[in-house]
Amino acid sequence: ICVGGFLVGIKWGIAGIAVSYSITSSFCFWGYMWYSCKDSPVTFSEMGASFVAALLPSLVAGTVVWTLRWSLIYSVQPIVALILLGLVFSSIYLAAAMVTQKNRTIILSGVNSFLGFTASKWDGQRS
């Protein structure tokens with residue numbers, strides 16, 4: 001499928017190949033997900049729900065950052081805008097992701113695991 005996409009995209013050069021790769025990868029992704037769920041205790045709908053749980057907060061944060069960047073584009077240096085908008089995106093993404101109980105549980109367990117890992121690393125270095 002990807003090779004066929006490349007053959008179609010080659011007519012438009014490097015940009016056509018990049019677009020064809022992006023499109024074919026997007027379509028193949030769902031096929032790969034379906035195949036990985038086949039004969040597995042994890043269902044396709046569970047994986048799709050996890051994907052949507054990450055997609056929705058990123059769409060919200062991305063839309064806010066995309067609109068904010070136009071107000072910053074001429075007023076600050078690009079690196080300052082990148083850092084500032086990165087922090088805004090991260091904050092909005094985490095706030096939007098924490099809305100649901102399932103996401104909140106996953107995020108907090110990840111933070112606790114990370115903190116436990118770093119604490120054990122520091123304890124091992126003191127010995």
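Residue I106 comes nearest to S109 through the heavy atom pair O-OG, 3.0 Å, listed as atom of the first residue, atom of the second, then distance.
Hydrophobic clustering, defined by side-chain heavy atoms of Ile, Leu, Val, Met, Phe, Trp and Tyr closer than 4.5 Å, leaves Y32 isolated from every other such residue. Connectivity analysis of hydrophobic side chains (ILVMFWY, heavy atoms under 4.5 Å, direct or indirect) links V19 to I23, F27.
Remark: Q101 pairs with R104, T105 by the side-chain hydrogen bond (donor to acceptor under 3.5 Å, both in side chains) rule, at least two apart or across chains. Partners of S25 according to the side-chain hydrogen bond (donor to acceptor under 3.5 Å, both in side chains) rule, which considers only residues two or more places apart in sequence or in another chain, do not exist here. By the side-chain hydrogen bond (donor to acceptor under 3.5 Å, both in side chains) test, S45 is found to be paired with T43, residues two or more places apart in sequence or in another chain being considered. Contacts of W34 classified as ring-ring contact (aromatic ring centres under 6.0 Å, His included), with partners at least two apart in sequence or in another chain: none. Residues passing the side-chain contact (heavy atoms from CB on, under 4.5 Å) test with V80, sequence neighbours excluded: V76, Q77.
More than 12 heavy atoms of other residues, nucleotides or ligands sit less than 6.0 Å from atom CH2 of W30. Within a 6.0 Å radius of OH in Y35, other residues, nucleotides and ligands contribute 12 heavy atoms or fewer.
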Distance-only criterion, 3.5 Å: show the donor-acceptor pairs between side-chain atoms of residues 90-97 and protein atoms not counting sequence neighbours.
unit_1: S90; atom_1: OG; unit_2: G86; atom_2: O; d: 2.9
unit_1: S91; atom_1: OG; unit_2: L87; atom_2: O; d: 2.9

What pairs of donor and acceptor atoms, side-chain ones from residues 47-61 against any protein atom, are under 3.5 angstrom apart with sequence neighbours left out?
unit_1: S50; atom_1: OG; unit_2: E46; atom_2: O; d: 3.2
unit_1: S58; atom_1: OG; unit_2: A54; atom_2: O; d: 3.2
unit_1: S58; atom_1: OG; unit_2: L55; atom_2: O; d: 2.7

Indicate every side-chain donor-acceptor pair of residues 3-11 with a distance under 3.5 Å to a residue at least two apart or in another chain.
none

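M98 contributes atom CE, which lies 9.5 Å from atom CG of N103 (distance to the nearest 0.5 angstrom). Residue Y21 holds its OH atom at 9.5 Å from OG of S26, rounded to the nearest 0.5 Å.
L82 and L84 fall within the same hydrophobic cluster, where Ile, Leu, Val, Met, Phe, Trp and Tyr residues are linked whenever their side-chain heavy atoms come under 4.5 Å apart, directly or through other members.
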